[in-house]
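So the structure is just underneath, and the comments pick up after that.
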Amino acid sequence: MANQEKYILLISIHGLIRSTELELGRDSDTGGQTKYVVELAEALSTSPVIGKVDLMTKLIDDETVSKDYAQPLEAINNKAHIVRISCGCDDYLRKEDLWDYLDNFADNALTYLKAQDRLPDIIHTHYADAGYVGVRLSNQLEIPLVHTGHSLGRSKRKRLLASGINRETIEARYNITRRINAEENTLASAQRVITSTNQEIIEQYAQYDFYTPDRMRIVPPGTDLERFHPADGTEWEHPLFHRLRSFLREPNKPIVLALSRLDQRKNIRVLIETFGESPELQEKANLVIFSGTREDIRNLEANAQTIFIDLLLAIDRYNLYGKVAYPKHLTFEEISGIYRLAALSKGVFINPALTEPFGLTLIEAAASGLPIVATKDGGPVDIIRNCQNGYLIDPLDTKDIAAQLLKILGESEQWQKFAQNGLENIKKYYTWESHIESYLEVLQPLFERKVDAKLESVAPRNKLFHTGAIITTLDQNLLGSSDSLEELVEVLENNQKNISFCIATGRRLESALKAIRGLGIPQPDVLITGLGTEMYYGKSLTKDEAWQTHIDYRWNRKRIVKLLSTMVGLNIQSQESQTAYKISYFYDPELAPSIDQIKRLLLQNEQNVNLFVSFGQYLDITPIRASKGYALRWFAERWGIPLERILAVGGSGADEDMMLGNTLSVVVANRHQEELSDLAKVEPIYFSEQQFAAGILDGIEHFNFLELCDVAKLEVG
């Protein structure tokens with residue numbers, strides 16, 4: 001690969017993604033995003049600037065879906081591939097149910113990337129779940145992060161609340177808080193946020209604490225003009241038209257076409273009501289609705305089933321039989337044909353959604369010579385302004401919808417003008433060529449970023465042949481019981497040739513060493529202090545300066561201290577508890593704002609950091625790249641030890657991110673273990689009933705850890 005050619009990693013985790021025959025509309029996770037990311041990968045690969053594109057998604061091995069989604073690698077072409085990563089559960093899951101598995105996905109994605117000939121130049125994530133993973137990969141690999149939200153959790157929560165759904169139901173059904181928190185962290189970490197319209201920036205992203213418009217760029221999506229083109233007259237003979245004829249009394253009337261998945265926001269019921277309330281519309285046109293794919297209504301997801309039955313009841317209420325078609329299937333290949341068929345009938349494409357972030361279907365219709373009518377909320381405003389090929393509507397006003405449809409259907413000259421405008425202007429604004437040109441312009445400053453030469457890690461990696469590691473905290477695990485500690489020390493000494501011993505603590509170096517030496521604990525191979533902000537190797541305590549350089553990213557200690565200086569219930573600890581990269585407070589939860597509120601204040605002031613509460617009374621703040629979990633992974637990569645052979649032992653809330661992902665995790669019994677109790681719902685974490693070092697020994701036995709490392713040593717040998 002030539003030096004000037006770039007490697008872009010796209011991440012889009014949920015839904016069903018493959019290079020051909022996309023199952024669009026199968027469910028709420030297989031909409032426009034899946035189509036866009038596949039087409040983006042393919043379009044990027046045509047650029048001479050790009051040498052490699054990977055589209056990373058979830059591996060799915062589930063009998064309810066095609067075996068295509070279980071292939072670890074699928075070629076789109078010789079430069080672009082779909083890479084499927086296991087997240088520990090290979091079932092086909094709703095995006096709302098993926099959150100518990102994203103740390104595993106991130107760890108496995110990291111393993112994949114490190115096995116490549118080179119790392120990506122850019123990571124571009126799509127939607128909140130991919131953003132969550134992208135933040136971790138970007139922080140660990142020091143690769144610029146670009147993000148596209150597609151839709152946003154804060155906007156969704158507002159709509160759901162407005163619809164009458166209570167907060168508890170929203171939380172249970174959509175995991176909305178986890179989504180919003182992931183979005184906040186992604187916006188704080190991304191160097192560029194790519195949107196389709198200005199409306200997304202000023203109305204949707206502005207709701208977020210880390211709102212930085214100067215990082216946001218508008219790049220309208222493109223459309224494939226080879227697939228989407230004007231009708232040639234043969235469409236009347238297509239089997240698709242014959243399927244419509246079975247629904248319609250007068251099938252040759254103009255078609256009012258609606259194309260969307262089964263989603264309440266798409267507002268199809270109001271469109272049916274518009275048609276039912278307008279005898280003139282019924283006289284002039286047929287209504288054709290494609291809302292996803294179904295075999296049997298009873299087999300639809302509960303929410304989709306409710307929506308579809310609602311549509312059928314509306315059709316029945318207005319007695320629209322013979323005037324409305326709603327076929328079961330529309331394949332990916334047939335989508336372009338239905339636009340042309342509607343254009344050939346002198347019909348109209350309508351998008352009546354309550355809100356539409358962009359509207360890919362609108363530019364596909366325009367490229368097919370089909371005039372459009374669309375909601376005035378969101379991306380259609382820009383599309384119609386640019387293409388001059390239709391009208392905007394109030395999606396809740398049936399009279400307005402009917403009036404705008406009739407203005408096009410009733411005026412042949414206007415219809416022709418709109419059709420021609422769409423064909424001409426789509427080439428100016430919405431081709432894949434123009435999209436990729438603008439996209440690469442946005443990325444160019446990131447490609448040319450000035451990055452200081454990375455310091456090489458001082459870890460004596462070449463001298464080590466360790467096949468596993470035990471990493472434990474100090475205060476809750478090693479202090480407290482001299483008998484069990486003595487037994488643990490014996491185990492460590494007997495296995496020191498192939499198992500690294502590591503301690504991760506919130507203490508400063510001096511305090512940690514005093515405790516270690518006072519209890520006769522062996523000097524660890526790796527000593528991580530200050531909650532993951534400093535790392536020392538071996539008996540010589542050689543400091544890893546590369547780690548310090550790595551975590552310094554966007555750290556502004558003075559600014560953070562000033563922002564929190566007057567906060568009630570938050571008192572800064574003595575200087576002995578502070579380090580250059582850790583700010584420590586006494587935290588009174590009865591008086592102080594919640595941790596979420598503190599995080600929000602910092603984000604609003606462009607301070608993206610990690611916050612840790614431990615023992616119910618201490619709050620520590622570290623750089624966004626620094627934590628025990630991040631430090632663990634840095635050490636693991638440099639010493640060549642797989643995460644699956646690292647026993648991570650914690651005891652309080654500050655240890656949480658050590659326990660997530662692919663590590664073998666143990667929580668020792670102590671009075672603060674409830675801070676980690678929620679992790680039992682997320683990870684296969686072992687909660688020992690033993691205290692202190694006895695809990696570590698119990699965890700070693702539970703995971704059969706010594707034998708695991710012995711077997712690995714034989715394999716290496």
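Every heavy atom of this structure was used, including side-chain atoms; hydrogens, water molecules and symmetry mates were not. Starting from 1, each residue takes its place in the sequence as its number.
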Residues two or more places apart in sequence or in another chain: which of them pass ring-ring contact (aromatic ring centres under 6.0 Å, His included) with Tyr686?
His702
Once ring-ring contact (aromatic ring centres under 6.0 Å, His included) is applied, do any residues pair with His14, and if so which ones, sequence neighbours excluded?
Tyr127
Applying salt bridge (charged side-chain N to carboxylate O under 4.0 Å, His left out), name anything that partners Glu490, two or more places apart in sequence or on another chain.
none
Without hydrogens or angle criteria, can the side chains of Ser627 and Asp657 be said to hold a donor-acceptor pair below 3.5 Å?
yes
Partners of Gln597 by side-chain contact (heavy atoms from CB on, under 4.5 Å), sequence neighbours excluded?
Pro593, Ser594
In this structure, are over 12 heavy atoms from other groups packed under 6.0 Å from Arg554 atom CZ?
yes
Who passes side-chain contact (heavy atoms from CB on, under 4.5 Å) against Gln607, sequence neighbours left out?
Asn556, Arg559, Ile560, Leu563, Leu602
Partner set under ring-ring contact (aromatic ring centres under 6.0 Å, His included) for Phe635, not counting sequence neighbours:
Trp639
Check whether NZ of the Lys or CZ of the Arg Arg154 lies under 6.0 Å from the centre of the six-membered ring of Tyr208 and within 45 degrees of that ring's axis.
yes
Which atom pair, heavy atoms only, marks the closest approach of Val135 to Ser189?
CG1-OG, 3.8 Å
Answer yes or no for Arg625 and Tyr630: cation-pi contact, defined as NZ/CZ to six-membered ring centre under 6.0 Å and angle to ring axis within 45°.
no
Sub-3.5 Å donor-acceptor pair from the side chain of Lys628 to the main-chain atoms of Met659, do we have one?
no
